[in-house]
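Each remark here refers to the structure printed beneath this line.
Order of listing sets the numbers, starting from 1, for every ligand and every atom in it. The model shown is predicted, which means the values in this text are computed figures rather than measured ones.
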Amino acid sequence: MRQEYQTLKSKIAKLKVGEKKQKKPILVRDHLIGAGNFTIIAGPCAVENLTQMEIITQAVKKAGAHILRGGVFKPRTSPYSFQGLGLEGLALLTKMREQHQIPTITEVMCQSQLLSVAKHTDIIQIGSRNMQNFALLEAVGKISKPVLLKRGLASTLEEFLLAAEYILNAGNPQVILCERGIRTYETATRNTLDLNAVAILKNITHLPVFVDPSHGTGITEIMLPMTQAALACGADGIMLEVHHSPENALSDGDQALTPSEFHFLVQKIHPLVQTLKKEAI
Ligand code: PEP
Ligand code: MN
């Protein structure tokens with residue numbers, strides 16, 4: 001076996017993230033993450049307004065999404081880009097959660113946002129740029145809400161798992177790992193979706209592993225094959241950006257699927273979900 005992989009495996013086996021017997025599905029309302037399910041998270045990159053959220057929530061729920069995403073605190077590269085609606089956006093997301101009876105996920109960027117967000121959402125997202133914000137990791141480790149931790153833009157698997165270890169070590173075992181692409185020399189894609197990571201994470205940790213082909217590729221044309229590939233290499237779920245009018249989206253419109261493209265994708269992966277997941281756990 002490759003020495004570097006062996007070294008990673010033995011280091012991780014000594015950590016909480018490496019305790020295989022801890023494998024427990026994560027319950028989000030009445031939906032189980034892990035346990036052989038393939039969870040679909042979908043929604044806009046950012047919450048923009050009520051009409052947008054009504055259209056997208058209804059569409060993704062009808063198409064088969066289990067969880068609604070929508071950023072309200074947005075980590076943007078430029079300070080001049082749309083930064084998210086903040087608490088006003090959280091109120092809109094909460095309205096969708098209640099009216100449409102769908103669990104929600106949204107990102108927190110700092111500790112001061114955590115408590116208000118945790119009160120109104122089902123899963124807390126820690127974004128790539130905060131994967132090594134250790135104070136924030138400890139803070140989400142102290143609450144009892146599932147946390148979806150995204151891999152850092154240029155993080156090794158060891159760094160990713162040590163970040164997850166911070167959360168587990170602080171007392172919160174409900175962590176979902178999310179591969180969202182890493183930086184490489186390639187420019188045609190937004191990032192390089194590292195599916196090696198998914199297969200490896202499934203081997204060496206007990207945590208559910210999700211894939212985000214939206215940020216991982218930045219290309220709507222290849223969302224379907226990359227979602228199929230994620231399924232084939234063992235992912236427990238997917239996170240996809242959907243917008244009813246991508247050309248007018250306030251963030252990440254280029255990579256957003258339309259509701260009908262999303263519906264098509266869910267239909268297309270259905271047989272593979274049945275084949276691959278039915279015998280898991
Ligand atoms: C997101 O999912 O909204 C996001 C900002 O993703 P990432 O942290 O992976 O860039
Ligand atoms: Mn986005």
Side-chain angles (χ1 to χ4, degrees), residues 39-48 52-53 56 60 65 67-79 81-86 89-90 92-93 103-110 113 117 121-133 136-137 140 146-155 157 159-160 163-164 167 175-184 189-195 197-198 201 209-220 223 226-227 230 235 237-258 262:
T39 302
I40 302 174
I41 303 177
C45 179
V47 173
E48 298 169 8
Q52 171 232 21
M53 289 309 291
I56 299 173
V60 297
I67 297 168
L68 175 69
R69 65 153 286 147
V72 300
F73 298 108
K74 294 301 303 173
R76 303 307 300 280
T77 303
S78 164
S81 302
F82 176 59
Q83 302 287 306
L85 295 181
L90 183 62
L92 292 176
L93 191 65
T104 55
I105 176 169
T106 197
E107 175 168 356
V108 295
M109 296 200 299
C110 60
Q113 297 160 354
V117 170
T121 193
D122 299 277
I123 306 177
I124 302 288
Q125 178 172 324
I126 303 292
S128 289
R129 291 153 193 84
N130 270 312
M131 189 203 83
Q132 286 190 316
N133 180 338
L136 184 58
L137 297 175
V140 294
V147 176
L148 181 136
L149 177 66
K150 296 188 101 179
R151 184 179 181 183
L153 308 171
S155 299
L157 293 178
E159 288 164 340
F160 189 17
I167 307 175
V175 176
I176 302 157
L177 301 170
C178 182
E179 165 58 41
R180 49 78 72 204
I182 49 173
R183 279 207 169 156
T184 66
T189 48
R190 180 171 177 180
N191 288 294
T192 294
L193 189 63
D194 180 11
L195 293 179
V198 178
L201 293 169
V209 180
F210 278 37
V211 171
D212 171 353
S214 298
H215 296 88
T217 68
I219 299 173
T220 55
M223 273 345 144
M226 299 322 286
T227 300
I238 206 88
M239 172 136 110
L240 289 164
E241 289 188 341
V242 177
H243 199 286
H244 65 296
S245 179
E247 58 288 356
N248 295 311
L250 296 182
S251 69
D252 283 351
D254 283 352
Q255 67 190 35
L257 295 170
T258 61
F262 175 67

### Message
Looking only at N, O or S atoms, which one in E241 sits nearest to the Mn ion (ligand 2)?
### Response
OE2

### Query
Between H215 and D252, does any side-chain donor sit less than 3.5 Å from a side-chain acceptor?
yes

## Note on the structure
Here the atoms of ligand 1 under 4.0 Å from any heavy atom belonging to R129 are 7 (P), 8 (O), 10 (O)

### Task
Give the residue, atom name and distance (to 0.1 Å) of the protein heavy atom nearest atom 9 (O) of ligand 1.
R180 NE, 2.6 Å

### Proximity flag K74 to ligand 1, non-hydrogen atoms under 4.0 Å
yes

### Message
So, applying side chain to side chain contact (heavy atoms under 4.5 Å, CB included) with I41, which one of D212, T104, L148 is it?
### Response
L148

### Message
Could you work out, for atom 2 (O) of ligand 1, the closest of E179, K150, R76 by heavy-atom distance?
### Response
K150

### Summary
On a heavy-atom basis, the closest approach of A230 and I238 is CB-CD1, 4.0 Å

### Task
Compare all side-chain heavy atoms of D194 with those of R151 and state whether any distance is below 4.5 angstrom.
yes

### Query
What residue among K74, Q83, E48, Q52 forms side chain to side chain contact (heavy atoms under 4.5 Å, CB included) with L250?
E48

### Query
Nearest to the Mn ion (ligand 2), which N, O or S atom of D252 do we find?
OD2

#### Entry: Numbered atoms and elements of ligand 1 in range of G127, under 4.0 angstrom, heavy atoms
8 (O)

#### Entry: Test: E107 and R69 ion pair at under 4.0 Å
no

### Task
Just need the protein heavy atom nearest to atom 8 (O) of ligand 1, so name the residue and atom and give the distance.
S128 N, 2.8 Å

### Task
Starting from atom 3 (O) of ligand 1, find the nearest protein heavy-atom neighbour and note its residue, name and distance.
R69 NH2, 2.7 Å

### Task
Nearest 0.5 Å please: distance from the NZ atom of K150 over to the CZ atom of R129.
8.5 Å

### Query
For atom 4 (C) of ligand 1, what's the nearest protein heavy atom and its distance?
H215 NE2, 3.6 Å

### Query
Is there a side-chain contact between Q132 and L137 (heavy atoms, below 4.5 Å)?
no

### Query
What protein heavy atom is closest to atom 5 (C) of ligand 1, reported as residue, atom name and distance in Å?
E107 OE1, 3.7 Å

